[in-house]
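Comments concern the structure below.
Side chains are part of it too, since the values below use all heavy atoms of this structure and drop only hydrogens, waters and symmetry mates. Computed from a predicted structure; not experimentally measured.
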Amino acid sequence: MLKFNYQNYLKVTNGAVLLREGIEKKMDEVSKKEFKNLFLIGSGGSIAIMYPFEYIWNSTSTIPAYAEIASEFMLQSHKQFNENSVVILSSLSGTTEETVEAAKYCKERGATTIGLVGEMGTPLANIVDYPIANYAENDYAADSINLQMYMVIFRLMHNNGEFAKYEQFVSELEKMPENLISVKEQAEEKAKEFATKYKDEDYHMLIGSGTAWGRTYAYSMCVLEEMQWIRTKSVHAAEFFHGTIELVERDTSIILLKGEDATRPLADRVERFAEKYTDKLTIFDTKDYVLEGISPEFRQYFPPLVLGSLLQRVSVHLEDKRNHSLDKRRYYRTVAY
């Protein structure tokens with residue numbers, strides 16, 4: 001595969017699943033606090049990672065969860081947030097300004113804090129009560145954090161008596177690093193074809209729902225906009241018909257990301273419409289990808305990983321066909337703002 005290091009990828013993703021014992025021990029301690037709600041806090045790509053887990057949690061647990069953008073959360077005075085809250089934050093570098101400040105904010109108010117980072121000793125790791133660290137390169141950071149989040153979230157739900165099949169689920173989760181490489185291999189030709197066809201496209205609509213929504217939001221803003229400087233619109237499949245629909249023309253590029261959870265009919269509806277009114281519909285559907293050793297009942301939880309992995313291949317080919325480095329920035333972490 002173009003620009004893909006198998007060894008590094010497995011080092012990062014297997015490193016994440018090997019944290020299982022330590023994560024379980026820490027989450028067992030957190031569960032003893034009998035927390036009243038869960039806050040998932042981040043900025044940019046890290047809040048996008050949290051959206052599917054908010055969906056999964058609120059579809060499974062009776063304890064309410066709230067995914068919040070760090071900088072807004074600190075200004076909001078959220079009335080559900082207090083010393084009985086558990087907060088999960090993530091930052092690969094451990095230095096993301098808004099996330100570090102949010103961690104301080106939460107600690108000062110007595111909440112229990114969990115931080116997912118790429119390295120111990122970083123500001124976020126030093127602030128939170130329960131730091132969890134796994135080395136990851138930027139290319140694979142989302143996969144690393146997602147894998148850890150599954151163990152964190154599902155362990156907490158299991159401890160609350162709400163996910164009895166935890167042991168089976170995590171045992172299958174441990175097979176995902178190899179599966180994700182397979183997903184990339186399965187998607188490689190389609191990714192190349194997409195990049196070749198759309199390398200000069202200046203606008204895309206990205207549409208998703210449920211466990212696919214976070215990746216929809218992130219790929220629009222954090223990859224196509226930030227890393228490729230392409231104008232996009234990310235819209236929830238349920239909301240597409242309440243405004244954005246009027247912008248669809250024959251030459252409008254629509255990228256539809258489909259998962260396997262209860263919201264799939266929302267994406268199906270968009271697909272039926274787009275097939276009639278645009279000649280530029282691209283569908284990335286997790287159902288099309290083989291996941292060896294993963295039970296059918298658990299596939300609904302994995303679109304964040306599957307879509308993230310296959311879209312990484314799209315990104316690499318776009319970088320190549322457009323001759324625009326994924327590391328190139330004009331403003332982000334380049335100028336003061």
Side-chain angles (χ1 to χ4, degrees), residues 40-55 67-73 89-93 95-99 102 116 136 138-146 149 191 194-195 198-199 201-240 242-244 247 252-259 267 270 280 282-284 303-319 322 324-335 337:
L40 308 170
I41 296 177
S43 305
S46 63
I47 187 60
I49 284 174
M50 299 299 186
Y51 289 141
F53 292 102
E54 178 191 37
Y55 174 90
E68 303 290 342
I69 300 170
S71 53
E72 181 178 62
F73 169 74
L89 312 100
S90 76
S91 168
L92 176 65
S93 67
T95 63
T96 306
E97 183 179 348
E98 299 95 330
T99 306
L116 279 60
N138 194 51
D139 291 351
Y140 311 141
D143 291 346
S144 173
I145 292 171
N146 271 310
M149 281 293 296
F194 177 89
Y198 292 107
K199 61 183 175 65
E201 197 76 22
D202 60 2
Y203 175 74
H204 299 278
M205 289 181 185
L206 287 91
I207 303 171
S209 65
T211 53
W213 170 241
R215 189 45 43 193
T216 306
Y217 175 81
Y219 200 71
S220 171
M221 182 174 69
C222 300
V223 180
L224 295 182
E225 291 182 349
E226 179 186 324
M227 299 181 182
Q228 288 293 291
W229 303 354
I230 299 172
R231 290 175 175 83
T232 68
K233 164 71 173 176
S234 60
V235 58
H236 196 285
E239 290 292 277
F240 172 75
H242 296 273
T244 307
L247 296 180
T252 303
S253 172
I254 294 180
I255 302 171
L256 178 61
L257 304 183
K258 299 183 70 172
V270 173
K280 295 182 176 181
T282 304
I283 300 173
F284 293 105
L305 278 172
V306 174
L307 291 172
S309 289
L310 69 87
L311 288 172
Q312 286 168 9
R313 302 312 304 155
V314 175
S315 302
V316 168
H317 284 284
L318 280 174
E319 176 185 51
R322 301 183 74 246
H324 184 118
S325 170
L326 294 166
D327 296 322
K328 188 176 181 180
R329 304 288 187 277
R330 280 184 292 218
Y331 310 113
Y332 181 66
R333 293 196 172 187
T334 300
V335 301
Y337 48 82

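Every residue meeting the side-chain hydrogen bond (donor to acceptor under 3.5 Å, both in side chains) condition with H317, not counting sequence neighbours, appears here in chain and number order: E188. Not counting sequence neighbours, the partners of E226 by the salt bridge (Lys or Arg N to Asp or Glu O under 4.0 Å) test are R329. Y337 is linked by a side-chain contact (heavy atoms from CB on, under 4.5 Å) to Y332, R333, V335, counting only residues two or more places apart in sequence or in another chain. Residues meeting the side-chain contact (heavy atoms from CB on, under 4.5 Å) test with L92, sequence neighbours left out: A136, N138, A141. Listed by chain and number, the residues in a salt bridge (Lys or Arg N to Asp or Glu O under 4.0 Å) with E98 amount to none (sequence neighbours excluded). With sequence neighbours excluded, the residues satisfying salt bridge (Lys or Arg N to Asp or Glu O under 4.0 Å) with E201 are K280. With sequence neighbours left out, A267 forms a side-chain contact (heavy atoms from CB on, under 4.5 Å) with L256, K258. The side-chain hydrogen bond (donor to acceptor under 3.5 Å, both in side chains) check on S220 picks up T232, with sequence neighbours excluded. For Y219, the side-chain hydrogen bond (donor to acceptor under 3.5 Å, both in side chains) partners two or more places apart in sequence, or in a different chain, are S315. Remark: R330 pairs with W229 by the side-chain contact (heavy atoms from CB on, under 4.5 Å) rule, at least two apart or across chains. Considering only residues two or more places apart in sequence or on other chains, F240 meets the ring pair (Phe, Tyr, Trp, His ring centres under 6.0 Å) condition with F273. Applying the side-chain hydrogen bond (donor to acceptor under 3.5 Å, both in side chains) rule to E97 yields no partners; only residues at least two apart in sequence or on another chain are considered.
Nearest heavy atoms, S234 versus T216: CB-O, 4.0 Å. The two residues G210 and H236 come nearest to each other via the heavy atoms N-NE2, 4.0 Å. Closest non-hydrogen pair, G45 versus C222, comes out as N-SG, 3.5 Å. Summarising the geometry of T96 relative to S93, their closest heavy-atom pair is N-OG, 3.8 Å, with the distance given to 0.1 Å. A237 and V270 get closest at one heavy-atom pair: O-CG2, 3.8 Å.
Atom CZ of F284 and atom CG of L311 lie 6.0 Å apart (nearest 0.5 Å). Note that CG of L307 is 7.5 Å distant from OG1 of T211, once rounded to the nearest 0.5 Å. Separating the CD1 atom in I47 from the CG atom in L40 is a distance of 7.0 Å, to the nearest 0.5 Å. One finds the OG atom of S325 at 9.5 Å from the CE atom of M227 (value rounded to the nearest 0.5 Å). To the nearest 0.5 angstrom, F53 atom CZ is 4.5 Å from N146 atom CG.
Considering only heavy atoms from C-beta on, L206 comes within 4.5 Å of L224 through its side chain. With contacts defined as side-chain heavy-atom distances shorter than 4.5 Å, the pair P304/R215 does not qualify. Residues S309 and D143 form a side-chain contact, since some pair of their non-hydrogen atoms from C-beta on lies under 4.5 Å apart. Proximity of H204 to T252: side-chain heavy atoms (C-beta onward) are nowhere separated by under 4.5 Å. Y198 is not listed as a side-chain neighbour of I255, based on a closest heavy-atom distance of 4.5 Å or more. A heavy-atom distance below 4.5 Å is not found between the side chains of I41 and T99.
Taking the six-membered ring where the residue is Trp, Y217 and Y51 present perpendicular rings, their angle passing 60° and hence far from 30°.
The backbone N or O of Y140 lies less than 3.5 Å from no partner atom in the side chain of S144, so there is not a single donor-acceptor pair.
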